[in-house]
Each structure stands twice: as C-alpha cells, then as structure tokens.
Amino acid sequence: MSEDFLRLAAPLPCQFYQRSDVVQIAQELLGKVLVTYIEGQLCAAKIVETEAYCGATDKACHAHMNRRTKRTEIMFAAGGVAYVYLCYGIHSLFNIVTNQEGNADAVLIRAGEPLYNLPAMRQRRGISNLDDFRLTAGPGALAKAMGITTAHYGVSLTDKTAIWIIDFESVSPEYIIKSPRVGVSYAGEDALLPWRFRIKGNKWCSPAK
DNA sequence: GTTATGATTTACT
DNA sequence: GTAAATCATAACG
C-alpha cells in the first residue's frame with residue numbers, strides 16, 4: 001500500500017452511497033479502503049466490519065421514524081457524507097450517510113485492518129505493541145486510530161479532503177458473516193436484525209462464532 | 001434551566 | 001464477568 005496509490009485512486013462516487021438499499025451498501029463496503037488525511041497524516045484501513053442503520057423503520061437508529069434533531073440532521077442529507085457523533089462521552093463513532101436526501105440511512109464502520117501509516121494510528125491510540133488487534137477493532141477505536149473526531153461531522157466522502165473511501169476488493173457473499181447488532185438491546189425486536197456484517201476469518205474484527 | 005442515558009472501551013474483581 | 005469513565009444530546013420542566 002503506497003502513498004501514491006492512496007492519493008491517486010478515485011474515491012467511490014456519490015452514486016454508490018445514494019442507492020436506496022443501505023443493507024446492500026453495508027455489505028459492499030466490506031473490503032473497501034477507508035482513507036483519512038487528518039493533521040497531516042495519511043492513513044488507510046480496509047473495512048472489515050460494518051452495521052446498517054435504517055432511519056425510517058429501525059428502532060436502533062438515532063433517526064428512527066425520521067426523528068430529526070440537530071444531531072441526526074446530517075443523516076437526512078444525500079448519501080456520501082460523514083456522520084460522526086460522540087458516544088458515552090468518550091468515543092467518536094464514524095458513520096457513512098447513504099440514500100437520497102430525506103432518507104436517514106447510514107452505515108456504521110465498526111472495524112478495519114490497518115494498511116498504511118500504522119505508527120500514526122498507534123500513536124493516536126497510545127498502543128506500541130506491533131501486533132495489537134485492538135488498534136482498530138471496535139467503532140470507537142477505529143475512529144480514534146484514523147484521527148476521526150466530531151469535527152468531521154458532515155464532511156464529504158467524495159472530494160478527498162479529510163476522509164474518503166476507495167475501491168479495493170469485493171467480498172463475495174460466502175465470506176460475509178451476518179449477525180445481530182450489538183449495544184442496541186433497547187431497540188426491542190429490531191435489535192435482532194442481522195444487519196452487522198464481518199469478513200469471515202479476518203483477524204482485525206472480533207472473532208466469528 | 002435540569003437530568004437521564006448511550007450504535008463503547010478499559011480496567012478491574 | 002462486572003463496573004467505571006465521562007459528556008453531548010435529548011427530553012422534560
């Protein structure tokens with residue numbers, strides 16, 4: 001993974017994000033490369049775990065039933081922008097807004113496989129161990145390692161300013177593990193929806209069962 | 001104005 | 001396995 005490749009590759013076009021099936025998009029994002037250029041540091045990580053959130057029908061989503069607030073407002077924008085928010089007062093969670101304007105769908109990026117500029121990620125996380133899988137395992141940890149903060153709320157993912165995603169590999173369905181989402185038990189039966197996607201056998205996401 | 005709580009992580013017991 | 005950390009947001013008065 002070279003710096004030239006990261007800088008020259010075209011980001012995924014906004015049409016990719018503006019399709020209507022957020023569950024489909026969440027699966028297609030597996031294997032793609034998340035690139036950040038923040039505080040002068042170019043970093044890249046392959047996406048290995050995602051979750052889909054559907055604003056209109058999903059109780060687990062902040063924008064459930066099109067509940068529009070200052071925080072969720074960005075989810076109603078057209079796909080291709082970042083939705084970053086602070087959870088538990090500590091962790092920044094990075095989401096990708098999808099679908100057309102007015103449809104509050106988003107994909108939460110839960111884990112990645114570090115590909116470029118690992119020293120910067122370790123420094124941000126305060127981890128020195130070269131083989132610590134915790135570096136980018138978990139949504140809060142990934143965002144911190146990549147340098148993503150709430151300052152990136154609403155930034156475009158298609159103009160290569162701070163955060164963007166490039167095409168890399170496609171993961172075939174038999175290598176995608178589907179499971180219920182975690183941390184959303186308050187959502188009742190919607191918490192059981194198999195909208196959490198992982199790459200089978202990848203060391204950088206929590207172990208498959 | 002106040003108050004409860006979370007799309008989590010980490011360090012303990 | 002259990003609990004604490006810690007603050008922006010949202011709901012309420």
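These numbers come from a predicted model, not from an experiment.
The footprint of chain A on DNA chain C, defined by a heavy-atom cutoff below 4.0 Å, extends from C:dA5 to C:dA11.
Salt bridge A:Arg196/A:Glu49: present, at least one basic N to carboxylate O contact under 4.0 Å.
Listed by first residue number, the stems of DNA chain C with at least three Watson-Crick or G-U pairs below 3.5 Å are B:1-6 with C:7-12, B:8-12 with C:1-5.
In this structure, the side chains of A:Asp21 and A:Ile25 stay at 4.5 Å or more apart for every pair of heavy atoms.
Under the salt bridge (Lys or Arg N to Asp or Glu O under 4.0 Å) criterion, the residue pairs touching residues 173-192 of chain A are A:Asp58-A:Arg181, with sequence neighbours excluded. Counting only residues at least two apart or on different chains, no ring-ring contact (aromatic ring centres under 6.0 Å, His included) pair has a member in residues 146-172 of chain A. Among residue pairs with one or both ends in residues 10-34 of chain A, none qualify as ring-ring contact (aromatic ring centres under 6.0 Å, His included); sequence neighbours excluded. Pairs of residues two or more places apart, or lying in two chains, never qualify as side-chain hydrogen bond (donor to acceptor under 3.5 Å, both in side chains) while including a residue from residues 136-149 of chain A.
A donor and an acceptor atom, one from each side chain of A:Glu113 and A:Asn202, are located under 3.5 Å apart.
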| message | Walk along nucleotides 2-13 of chain B from 5' to 3' and tag each nucleotide B, S or - by protein heavy-atom contact under 4.0 Å, base first, then sugar-phosphate. | response | ----BBBSS---
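By the side chain to side chain donor-acceptor pair (under 3.5 Å) test, A:Gln27 pairs with no residue at all, sequence neighbours left out.
Counting Ile, Leu, Val, Met, Phe, Trp and Tyr side chains that sit under 4.5 Å apart, directly or through other members, A:Leu8 stands alone, with no cluster partners.
If you take atom C1' in C:dA3 and the same atom in B:dT5, they sit 16 Å apart, rounded to whole Å.
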Would you tabulate the side-chain donor-acceptor contacts of residues 78-88 of chain A under 3.5 Å, counting partners in other chains and residues two or more places apart, or write 'none'?
{"residue": "A:Tyr83", "atom": "OH", "partner": "A:His62", "partner atom": "ND1", "Å": "3.0"}

Under 3.5 Å, which donor-acceptor pairs link side chains of residues 31-45 of chain A to any protein atom two or more places apart or in another chain?
{"residue": "A:Lys32", "atom": "NZ", "partner": "A:Asp167", "partner atom": "OD1", "Å": "2.9"}
{"residue": "A:Thr36", "atom": "OG1", "partner": "A:Met146", "partner atom": "O", "Å": "3.0"}
{"residue": "A:Gln41", "atom": "OE1", "partner": "A:Asn117", "partner atom": "ND2", "Å": "2.8"}

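Atom-to-atom distance recorded for A:Cys54:SG and A:Trp195:CH2 is 5.0 Å, nearest 0.5 angstrom.
The stretch residues 16-32 of chain A has no heavy atom under 4.0 angstrom from DNA chain B at all.
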